[in-house]
Amino acid sequence: MKNKNSLNRKAHFLGTKIRNLRKRNRLTMEDLSARCIKMDAESAPSVSYLSMIERGKRIPSEEVLEVIASVFQKNVAWFLDDIPEEEAITPTKGSGGGINGMALEPNFLFSKEILQIAIPEMLSQTGTSGRQFAHLLIRAHQEHHQNHFPDLERAAEEVGLKRLPLSLDDLIAITKQMGLQIKWFRKTPIAVLQDMGIDGSHVVTSFFDPPSTIYINQIMKNQPQRLKYNLAVHIGHTVLHDKDGMKNVLVTGRNEISPLQSKSTKTHSSGAGMDAQDILYAWRDFECSFFAGALLCPKVPFRQMLDRNGYEINTAKLADVSESVTMRRMTAASPYPHWHYFDAYAPGKLKAVYRGNGIPLPWGNMSMVEDPCQHWSVFRKISEPSTGTSAQISILNVGDEPRIYACESIKVHDLAGNSHVLCSGIDLNPAIDAQSKDALSIAADLRQACVTKGGSSAIPRSIKKDLMSVAKILNINWIERGIDNDARLICSRGAVCPRSPSCYQKCEAK
């Protein structure tokens, strides 16, 4: 009886440890089972068996436990001791990223009435359009919610039935089911060009003409993945906004023009201030774009596909979507919340930004920066002639704290022929902390190694071991590739360059 009780006690602690590790790494039981299958298909536990293990109803065999231990980069002995595991880490909203909140003292200055007067005046004095400010508000909302919008996900899943990949024929069939018809054009109608204020650096790829016609540029016939995205956006406009009569115009090019911009709203937005329509149209831009990504890459099957493929950018080929859609959807589908995403044009234009981890921006998308740090992966990729992807480990001070980032970048071209760089990355500090390591201490040591070597350094062996363990737990292949390269110091502006001598001083000397 004593041995039986001891065994039950061990099963309870073992199950609790596995459950807490799984939750700490934000994995569902389906995710963990899939990771185990990837490690060893024969010994991997099913979801139901994992559930019984976590509840202490079953004691896993040695083979099963070895697979689970490999997923979490732990020794098997760690699971078998009688020391209870600490409670699972419960993330607190707003603790990791997004636009940091500001103190509301004196709070009377933040009253609705004062803000209604001050914001239009601020926009007028800074030359910021109402539409631009609206997109900043939406980005803050998106980052606050860590890019999770279940209502939009569900709406897309009801239309696409969680199919992955969706073929072009599938999307055309959906448009027909909704009573939409597709027509092709070679030359963009003058009225559309005038409404959008388009120049030679832009290409109108498609537009919606009420009540039920989608007009698509002929050049899209040779761009099936981009065509699919355009159709998905128009389907979203139909589902979410009931084809309410606005011209939903999609444009590609270096300068960002809102897909829902019309002549009347453009004229209004270019002046001082903003009105409710600015917020409405910008919000619909976001909703249609998010819906399109969720339709083409439904969350659960896409997460499983990413997991099987180690979050490689070439997952785009498996999903039959563009790299842009794949990299943006990573931020919403991944169980790890601390992502960032950039779509950058030279010399200093961010067309799209997501900062779920609150990473400071190297430049803005409304003003040029005179002293951007040139060591960001996205900058280096813009200036490099090389093709393919590049992975980088970076150390950046956020406030007074050093943080370790990993990212992968790829150079692509839009339909107007403009080259730009897509970059997906994650903040590694929370992942390091989740493994009961001191992330700030490790980041400080790596930062010092880079400072000593003039700004970049091979990652010291002890730190490399910790980072490699995190890479395997997160199952992101490009973190491992970044670890094999030199780590680089980066900063948000040259004036705060941590290098000695600073890059900013070098530029001034020239």
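The chain is numbered in sequence order, starting from 1. Note that the structure is a prediction, hence the values are computed from the model and not measured. Quick note: numbers below take in every heavy atom, side chains included, and nothing from hydrogens, waters or symmetry partners.
At least one side-chain heavy atom of Leu240 sits under 4.5 Å from a side-chain heavy atom of Leu152. Put simply, the side chain of Leu21 reaches to within 4.5 Å of the side chain of Lys74, judged on heavy atoms. Proximity of Arg226 to Thr205: side-chain heavy atoms (C-beta onward) are nowhere separated by under 4.5 Å. For the pair Leu27 and Phe72, the minimum side-chain heavy-atom distance is below 4.5 Å. Proximity of Phe342 to Val353: side-chain heavy atoms (C-beta onward) are separated by under 4.5 Å at one or more points. A heavy-atom distance below 4.5 Å is found between the side chains of Leu32 and Ile18. Counting only heavy atoms from C-beta outward, the side chains of Tyr336 and Pro430 approach each other to under 4.5 Å. Two residues are said to be in side-chain contact when any heavy atoms from C-beta on lie closer than 4.5 Å; Pro360 and Val398 meet this criterion.
The minimum heavy-atom distance linking Cys297 with Leu164 is given by the pair CA-CD1, 4.1 Å. Pairing each heavy atom of Ile395 with each of Cys450, the nearest pair is CD1-SG, 3.7 Å. Heavy-atom minimum distance, Ser456 versus Arg488: CB-CG, 4.1 Å. Glu408 approaches Met327 most closely through the heavy-atom pair O-CE, 3.8 Å. The two residues Gln225 and Ala316 have their closest heavy-atom pair at NE2-O, 4.4 Å. Here the closest heavy-atom approach between residue Leu306 and residue Ala333 is recorded as CD1-CB, 4.3 Å.
With respect to Glu312 and Arg481, a salt bridge is recorded, a charged nitrogen being found less than 4.0 Å from a carboxylate O. Salt-bridge annotation for Arg154 and Glu158: absent, with no side-chain N of the basic residue lying under 4.0 Å from a carboxylate O of the acidic one.
The ring-ring contact (aromatic ring centres under 6.0 Å, His included) test applied to His141 returns His145, Phe149, Trp283, not counting sequence neighbours. By the side chain to side chain donor-acceptor pair (under 3.5 Å) test, Ser206 is found to be paired with Asn230, His234, residues two or more places apart in sequence or in another chain being considered. Listed by chain and residue number, nothing satisfies the side chain to side chain donor-acceptor pair (under 3.5 Å) test with Asp466 (two or more places apart in sequence, or in another chain). For the side chain to side chain donor-acceptor pair (under 3.5 Å) test, residues two or more places apart in sequence or in another chain that qualify with Gln142 are Asn147. Remark: Tyr229 engages no residue in a ring-ring contact (aromatic ring centres under 6.0 Å, His included) (not counting sequence neighbours).
Checked by atom type, the side-chain pair Thr389/Trp478 shows no donor-acceptor distance below 3.5 Å. Donor-acceptor pairing under 3.5 Å is recorded for the side chains of Ser324 and Tyr341. Side-chain atoms of Asp343 and His420 form a donor-acceptor pair, as typed in the model, at a separation below 3.5 Å. If you check the side chains of Gln218 and Lys221, you find a donor sitting under 3.5 Å from an acceptor.
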Step by step, work out the side chain to side chain contact (heavy atoms under 4.5 Å, CB included) result for Arg329 and Phe290.
CA-CA 9 Å; Arg329 281 298 286 169; Phe290 192 96; 3.9 Å; yes
Side chain to side chain contact (heavy atoms under 4.5 Å, CB included) for Val325 and Arg328? Distances and angles first, verdict last.
CA-CA 5 Å; Val325 170; Arg328 282 188 286 122; 3.8 Å; yes
Side chain to side chain contact (heavy atoms under 4.5 Å, CB included) assessment of Trp339 paired with Ser424
CA-CA 7 Å; Trp339 285 81; Ser424 287; 4.2 Å; yes
Worked verdict on Ile313 versus Leu422 for side chain to side chain contact (heavy atoms under 4.5 Å, CB included)
CA-CA 10 Å; Ile313 295 175; Leu422 308 174; over 6 Å; no
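At least one donor-acceptor pair closer than 3.5 Å links the side chain of Lys228 to the backbone N or O of Leu166. For the pair Ser43 (side chain) and Val64 (backbone), a donor-acceptor distance under 3.5 Å is absent. Between the side chain of Tyr49 and the main chain of Ala44, no donor-acceptor pair closer than 3.5 Å is present. Under the 3.5 Å distance criterion, the side-chain polar atoms of Asn485 are matched with a main-chain donor or acceptor of Ala391. Judged by distance alone, with hydrogens and angles left aside, the side-chain atoms of Asp427 form no donor-acceptor pair with the main-chain N or O of His338 at under 3.5 Å. Side-chain N or O atoms of Gln392 include none that pairs as donor or acceptor with a backbone N or O of Ser409 at under 3.5 Å. Side chain of Asn217 to backbone of Val204: a donor-acceptor contact under 3.5 angstrom is found. With Glu143 contributing its side chain and Arg355 its backbone, the two residues share a donor-acceptor pair below 3.5 Å. Ser289 contributes no side-chain N or O that, together with a main-chain N or O of Phe286, makes up a donor-acceptor pair within less than 3.5 Å. The backbone N or O of Met29 lies less than 3.5 Å from no partner atom in the side chain of Ser33, so there is not a single donor-acceptor pair.
Here CH2 of Trp184 is found 8.0 Å from CE of Met220. Values are rounded to the nearest 0.5 Å. To the nearest 0.5 Å, the span separating OH on Tyr405 from CG on Leu428 amounts to 10.0 Å. In this structure, the separation between CG on Asn20 and CD on Glu54 is 9.0 Å, given to the nearest 0.5 Å. Once rounded to the nearest 0.5 Å, the distance linking CD of Glu157 with CZ of Arg163 reads 12.5 Å. A distance of 11.5 Å separates CD1 of Ile174 from CG of Asp169, quoted to the nearest 0.5 Å. The structure places CG of Leu168 at 6.5 Å from CG of Leu171, a figure rounded to the nearest 0.5 Å.
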Side chains of residues 468-476: which donor-acceptor pairs under 3.5 Å do they make with residues two or more places apart or in other chains?
{"residue": "Asn475", "atom": "OD1", "partner": "Lys38", "partner atom": "NZ", "Å": "3.1"}
{"residue": "Asn475", "atom": "ND2", "partner": "Asp307", "partner atom": "O", "Å": "2.6"}
{"residue": "Asn475", "atom": "ND2", "partner": "Asp307", "partner atom": "OD1", "Å": "3.0"}

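Using cut-offs of 30° and 60° for the angle between ring planes, the Phe185 and Tyr215 rings count as tilted.
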